[in-house]
Structure formats: structure tokens, C-alpha cells
Amino acid sequence: MIKFDTEEALLKFTENIKGRTFKELDKLNLLATKKRDKGILGKIVETGFYRYPLNNDIEADFSELGIELKVSGFERTKTGLLSAKERISLSMIDYHTIIHETYEFSKFLLKNRKLLIIWYEYERGKERGDFKVWDYQLYNMSQDEHVIKNDFHLIQEKIKNGKAHLLSEGDTSYLGACTKGRDGKVRVTQPNAEEPARPRAFCLKNSYMRGILRSINEEQKTEQTTIKTVRDYIYKQIETYIGMTQLEIYEKLTNKQMTGRIPKNIGKMISDQMIGKDNELKQKHDLFNKTTYIIKNVPVDEDYNLLERLTFRNIVQSEFADPWDESDWKKYFEEVTFLLICYEGKGKKNGHRTLKGMKEITFNADDIDSFGKTYEKIRQAIGKKDIALLPYPKTFPYQKLEIAPKGLGGDDAYNTFFDRDRTKTCLMMDKDFVRSKMK
DNA sequence: CTCTGATCATGT
DNA sequence: ACATGATCAGAG
């Protein structure tokens with residue numbers, strides 16, 4: 001077993017792992033003996049490369065240096081970008097003890113302040129032993145401390161309030177509370193409520209990991225700002241306009257009068273200026289770098305009930321080649337947070353609704369499953385070349401996502417569905433469902 | 001009313 | 001020239 005006296009020594013040694021496959025590293029032949037072990041790649045690196053004995057100790061892997069080893073996969077997207085394969089799981093959350101811990105001394109931080117992340121490339125269809133390590137990275141949690149600390153406290157508060165069973169990964173920005181256990185049926189007790197809760201562990205969320213991965217060659221910089229959540233950030237941008245109509249805001253922002261017909265996307269024109277365009281958000285604030293945020297503008301009534309469905313971009317048939325579990329749409333919905341800029345004005349014309357506030361929504365496993373049904377119906381329709389099989393509204397119980405037309409005047413959208421790989425249709429999301437997701 | 005197929009100004 | 005983000009408007 002190798003001891004490292006300094007970080008530099010550890011990193012220098014780790015440099016040699018680049019380019020190695022797990023087969024080459026697997027000195028104890030774990031690939032053959034522990035076929036079903038999900039953590040096997042990590043164990044191979046620990047035992048085969050660093051020559052540590054197998055351990056499940058609470059102490060950090062490189063305890064002298066306070067560094068925990070994590071072996072994590074990435075994929076290359078079609079456009080060549082890197083994307084983290086999974087979230088990184090940290091320590092289990094003990095519902096009974098966490099309520100007495102402070103962040104600074106919590107078990108969570110004790111073990112996870114610094115992570116040595118070994119990045120290997122995951123390739124579908126390839127044997128695990130053939131996956132290759134491409135790079136490594138010493139990640140220091142303090143680089144995003146203010147956000148992570150805030151996330152920690154959000155999770156802790158929920159448990160204190162007897163709501164451990166209501167925890168969800170969507171509650172937080174970077175640090176999540178992800179479910180654990182062999183299947184979805186396992187339950188444990190919680191301190192301040194009778195309700196049993198699913199066991200959970202802290203994790204660094206997938207979208208955050210992607211941000212970490214892409215920053216691999218960038219200098220670490222520490223945030224100075226006091227803004228802790230995207231919610232805070234957006235709210236600061238829109239605050240001064242609350243109560244004004246869309247037209248008033250547009251005119252104030254652009255110093256131009258809106259003449260002629262009011263564009264249907266006036267809300268987006270405003271939010272592009274007030275907050276930034278979706279693909280500019282990354283540059284506006286580091287928070288946007290590590291999670292996918294999409295801003296949507298929606299009309300609501302006085303109780304925030306949506307007046308319209310959420311619409312998405314035009315779909316193309318080739319997007320539906322992969323089964324749901326491997327699809328880009330699934331990844332998108334798992335990862336994305338929608339920021340809904342709400343304009344109140346039931347019965348009012350477009351342009352004359354007033355800015356009311358902002359809501360955030362994310363999707364849980366049930367939602368994702370339901371979206372999958374919609375997705376698979378589109379695949380069936382494509383496979384059988386039968387538009388009758390498309391997921392029109394209300395084609396199955398509790399449907400949350402539906403297909404809808406989206407074209408120019410005169411398009412007979414559904415009937416041109418198979419014409420070429422460009423459809424005049426899109427997905428729309430049920431408004432009552434969206435309302436139920438707002439916090 | 002609400003639902004759902006149809007439509008449009010703008011951005012790229 | 002067409003997709004996007006969103007609303008419109010007729011049907012029921």
C-alpha cells in the first residue's frame with residue numbers, strides 16, 4: 001500500500017493512470033470475481049492502482065490528505081461535448097443524526113471535502129474492463145461552498161421538519177439527496193414524523209458533475225457573490241418589474257414602442273433582456289454552468305394556475321431512434337430545471353398581462369416514467385407508420401406530455417408527420433401537471 | 001368555460 | 001427558410 005505525503009505526490013502518481021483500461025488495472029481480478037458489483041471500477045482503482053486493501057471505512061481513502069477517491073464515467077454527446085454519466089454518491093444521510101449536526105462538522109463534509117475524481121469514458125456496448133481512464137481531477141468542494149452549504153441546510157431543514165419522506169433531488173442545486181436501497185420499497189424511520197422515508201445519500205448531482213467535468217482544464221475560482229440559488233438570482237433581475245404589464249416592461253427595457261401586432265413570444269423577448277438568453281446564462285452567473293436551466297414564460301391566473309401548456313421545440317423523427325432509457329429527451333427532463341416567469345392575466349390579451357413572479361420546477365422518477373410512455377408511443381407510431389398511434393392528449397391515464405401541431409398556416413401537421421425528417425409537431429406539457437410541480 | 005389543433009412574429 | 005416560444009381561436 002502506497003502512502004502519499006502531499007497532494008502533489010498523489011497527483012504525480014495519479015498521472016500514470018491516464019490511458020489505462022480497467023482490465024490492465026485489475027490486479028486482484030475483481031472483474032471476474034465480482035461481476036455484479038456496481039462499485040467495482042472504483043475498487044479496481046483502489047486496489048489495482050493505489051494498492052489499497054478493500055475498505056468501506058468512514059475515513060477518507062487518502063485519509064492523511066483528507067481526500068476521497070471517486071471513479072466516475074463520462075460520455076461524449078453527439079456534438080462532441082462531455083457529459084457525466086452518473087451523479088456521484090457521497091455518504092448516506094442518517095436522518096436521526098443529521099438534525100444535530102452543523103455543516104462545518106458534519107459527517108458529510110468530513111469525508112467529502114476533497115475528491116480525487118478519476119474520469120473514464122463510458123461507451124455503450126463495451127465491456128467494463130475495456131473502459132479507459134482519460135483524466136483525473138482534484139475537486140475541492142469549497143470552490144462552490146456557498147451553494148453546497150445552502151443545499152445542505154435545505155436538506156437538513158426538511159428532515160428537521162419531519163419531511164424526510166418528501167425529500168427530492170429537485171429541492172437543491174448542486175448537492176442532492178438521492179435515493180438508495182436495493183429497490184424502491186425500502187423505508188427507514190425519521191426523527192420528527194411517523195411517516196417512513198426512503199433511505200437517501202448525499203450526491204453531487206449529475207448536471208453539476210457535468211459542469212465539473214467540463215471545467216477540468218480551467219483554473220478553480222472561488223465565488224465571491226452572496227447569491228446562493230438561481231431563484232435568488234432571477235428574482236433579483238425581475239423584482240423591479242413585478243406588477244408591470246408585458247408591454248410596459250418591453251418599452252422600459254428597449255426604449256421602443258411596440259407597434260403592430262404583439263408577438264406571441266413577447267414574454268421571451270423580455271426575459272432574454274431581463275435575465276439573459278438561455279445559452280447566455282452560463283456567462284451571467286456560475287450557477288448556470290453546472291445545472292441546465294430553461295426559462296419559460298407562462299400566463300397564469302391569480303392562483304398561479306397555468307392558462308396554457310408548456311411547449312417545446314419541433315420534434316424530428318430521428319430523435320426517437322433510441323429507447324426511452326437511452327434517449328436524449330430522458331436526460332433532458334432528468335436534468336433540466338424550468339424557471340417559469342409567470343404573468344397574471346386571465347381574460348387579458350397578450351401584452352397586457354402583468355408580471356407576477358417566478359416558479360421553479362424539476363421532475364421526479366414518476367414524471368420521467370410518464371414522459372417515457374409518451375415517448376414510446378411516438379416510437380411506435382414511427383415504427384408502424386401510423387399517426388393514429390401518436391400520443392395525442394389523453395391517450396393514457398395521467399398523461400403529462402402530449403404531441404401537438406406546430407407549423408405555419410396551412411400545415412396539416414399530423415398528416416405530414418412522416419413526410420421527411422422534419423415534423424410540424426412538438427411536445428406539450430399538461431398545465432395542471434405543471435401547476436402541481438410548482439412549489 | 002376548457003381543450004386542442006392551428007397559427008404567428010421573431011431570431012438565426 | 002425554417003424552427004422557436006408562445007398565444008390564438010374554433011369546437012364542444
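Everything quoted here is computed from the prediction, not taken from an experiment. Naming convention: chains lettered A, B, ... in sequence-line order (proteins, then strands); numbering from 1 in each chain.
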Nucleotide-level pairing of DNA chain C, given in dot-bracket where Watson-Crick and G-U pairs need both distances under 3.5 Å and | marks other strands = ||||||||||||
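Going from atom CD1 of A:I99 over to atom CD of A:Q156 covers 8.5 Å, rounded to the nearest 0.5 Å.
Applying the salt bridge (Lys or Arg N to Asp or Glu O under 4.0 Å) test to residues at least two apart or on different chains, none of the pairs has a partner in residues 185-199 of chain A. Sorted by first and then second residue, the salt bridge (Lys or Arg N to Asp or Glu O under 4.0 Å) pairs involving residues 261-273 of chain A (not counting sequence neighbours) are A:K268-A:D278. Legend: salt bridge (Lys or Arg N to Asp or Glu O under 4.0 Å) pairs involving residues 386-409 of chain A, not counting sequence neighbours, sorted by first then second residue: A:R309-A:E402, A:D367-A:K400.
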Report, as a single string ordered 5' to 3', how protein heavy atoms within less than 4.0 Å touch nucleotides 5-12 of chain C: B base, S sugar-phosphate only, - not at all.
-> BBBB----
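Heavy-atom distances under 4.0 Å link DNA chain B to A:P393, A:K394 of residues 372-403 of chain A, given in residue order.
With sequence neighbours excluded, no residue forms a salt bridge (charged side-chain N to carboxylate O under 4.0 Å, His left out) with A:R200. Scanning for salt bridge (charged side-chain N to carboxylate O under 4.0 Å, His left out) contacts around A:R87 gives A:E169, with sequence neighbours left out. Looking at residues two or more places apart in sequence or on another chain, you find no salt bridge (charged side-chain N to carboxylate O under 4.0 Å, His left out) involving A:E302. By the salt bridge (charged side-chain N to carboxylate O under 4.0 Å, His left out) test, A:E121 is found to be paired with A:R76, residues two or more places apart in sequence or in another chain being considered.
Reading DNA chain B from its 5' end, the first and the last nucleotide to sit under 4.0 Å from a heavy atom of chain A are B:dT2 to B:dT12.
The aromatic rings of A:F22 and A:Y120 sit perpendicular to each other, their planes meeting at more than 60°, with 30° as the lower class boundary.
A salt bridge does not link A:E15 with A:K12: none of the charged nitrogens is closer than 4.0 Å to a carboxylate oxygen.
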Which pairs would a plain distance check flag for residues 333-350 of chain A, meaning a side-chain donor or acceptor within less than 3.5 Å of a matching protein atom at least two apart in sequence or in another chain?
residue : atom : partner : partner atom : Å
A:E335  : OE1  : A:R210  : NH1          : 2.6
A:E344  : OE1  : A:K356  : NZ           : 3.0
A:N350  : ND2  : A:P263  : O            : 3.0

